[in-house]
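Within every chain, numbering begins at 1; the chains are lettered A, B, ... in the order of the sequence lines, protein sequences first and strands thereafter.
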2 protein chains.
Amino acid sequence: MKTETRKEEIVQTAAKLFKEKGYSAVTMRDLAKAMGIKAASLYNHINSKQDILKDIIISLAEEFTQGMQLIKSSEATSIEKLKKIVSLHIHITSRNPNGMASLNNDWMHLEEQKHHYIQLRHRYEDDFRQIINEGIKSNEIKKSNSDVMLFSMLSTLRSLYLWIPKKEDLNTETLSQNLSEVLIDGINK
Amino acid sequence: MKTETRKEEIVQTAAKLFKEKGYSAVTMRDLAKAMGIKAASLYNHINSKQDILKDIIISLAEEFTQGMQLIKSSEATSIEKLKKIVSLHIHITSRNPNGMASLNNDWMHLEEQKHHYIQLRHRYEDDFRQIINEGIKSNEIKKSNSDVMLFSMLSTLRSLYLWIPKKEDLNTETLSQNLSEVLIDGINK
DNA sequence: TTATTAAACTAACGCTTGTTAGTTTATTTG
DNA sequence: CAAATAAACTAACAAGCGTTAGTTTAATAA
């Protein structure tokens, strides 16, 4: 029986290298060296370089989709839903920041799954936007440009993969509260 | 006498391709095809692929450095300085969004200039942080986590290159006001 | 007209890429 | 012990990479 853990080691190591230099700049020989083996040996565990990227990205994309479904269908005010989105990003990212780098920066190198990924991302953004618009309708959120709000929140949440690993001893609950406060209430006194 | 404009066409075309696929995934043959010539012909105008990347990134990095110096030395409140930083990012990015993609995503593929770039970026972040901290001291800005504030603002500003080209008919002054409002006052009513 | 020059071309180079085939080694299972 | 299996290895491949050398073409300057 194949030990699935060796493959996962390879995928995790690949994610780390992809974060540092991007998918295209990482060679199978780089990856092999990082694993302490020869490049050809990698193929006892994985099908192709492409397949590694797919493994990294698609599972994360589906985690976000699933999380968003739960938030959408929850009984909560719009502001509470936004806080849950912040928390979702922080929890997924802190578990796998390297993979999040690929999700953000290397999705265009997907092949068969690229269309699927783009679809999931668009649906996610649409759900996010709708929550903001509902908040505007219900007078919870300012009636200014909702596209700017969506853009600003998403940009920040998508950059978490760069920031979370630098603050190792940071409690994710505290971060979630701090970040929600800044994103929702601003910085002005 | 060499016409400098042909080289600039190549650099601009390269920036566009680098934005779409990243520096490493763009070959000189891709770039040549986009210019309607053969790969070897590119070398009548440029020294190397590396050199194109350097041209794109370093000039932009120095624009930011220069802009930050002006803001630092200006007579303005901390909040006003932050608004000027927002405006700086929007103006530089709207002039050259493709180049900003390389600045954000391909800087690690610089060679001799990588250290210089990293230095400029650190100084920029330090100046940014100091403006926030001064605002906290002078009671203009909330006394919550200033690292979170810096991270959130910078993440949003660094993502502008993805967003500005999608909103072509957008007035940069209006955008600057809207974005400053969201970043500084939040979205909460 | 002749000389100069900008900007394209063809052909090729040495190197690196992802990947395959076939083999060896060491551990686990019947 | 024998058989099976996981996981490494060596060697090699065809294709693609950035880049160079030398040449041709067409427009401009003397």
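- Summarising the geometry, atom OG belonging to B:S94 is positioned 8.5 Å from atom CG belonging to B:L175; distances are rounded to the nearest 0.5 Å.
- B:K38 has its NZ atom 16 Å from the P atom of D:dT25, to the nearest Å.
- Looking at A:E125 and A:R158, a side-chain N of the basic residue comes within less than 4.0 Å of a carboxylate O on the acidic one, giving a salt bridge.
- Ring geometry for A:Y23 against A:F18 counts as perpendicular: the plane angle is over 60°, on a 0 to 90° scale with 30° as the lower cut.
- The separation between B:L42 atom CG and D:dG18 atom P is 10 Å, rounded to whole Å.
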Output side-chain donor-acceptor pairs under 3.5 Å for residues 80-88 of chain A, partner residues at least two apart or in another chain, one line each.
from  : atom 1 : to    : atom 2 : distance (Å)
A:E80 : OE1    : A:T77 : N      : 3.0
A:E80 : OE1    : A:T77 : OG1    : 3.4
A:S87 : OG     : A:H91 : ND1    : 3.2

Can you tabulate the close N/O pairs, meaning under 3.5 Å, that link protein atoms to atoms of nucleotides 17-24 of chain C?
from   : atom 1 : to    : atom 2 : distance (Å)
C:dG18 : OP1    : A:V26 : O      : 3.4
C:dG18 : OP1    : A:K49 : NZ     : 3.1
C:dG18 : OP2    : A:M28 : N      : 2.8
C:dG18 : N7     : A:R29 : NH1    : 2.8
C:dG18 : O6     : A:R29 : NH2    : 3.0
C:dT19 : OP2    : A:Y43 : OH     : 2.5
C:dT19 : OP2    : A:K49 : N      : 2.9
C:dT19 : O5'    : A:Y43 : OH     : 3.2

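- For the pair A:N96 (side chain) and A:G99 (backbone), a donor-acceptor distance under 3.5 Å is present.
- Dashed line: the shortest gap from a side-chain N or O of B:S41 to OP1 or OP2 of C:dA7 is not under 4.0 Å.
- Distance, B:M35 CE to C:dA7 P: 10 Å, rounded to whole Å.
- For the atom pair CZ of A:R129 and OG of A:S146, the computed distance is 7.0 Å after rounding to the nearest 0.5 Å.
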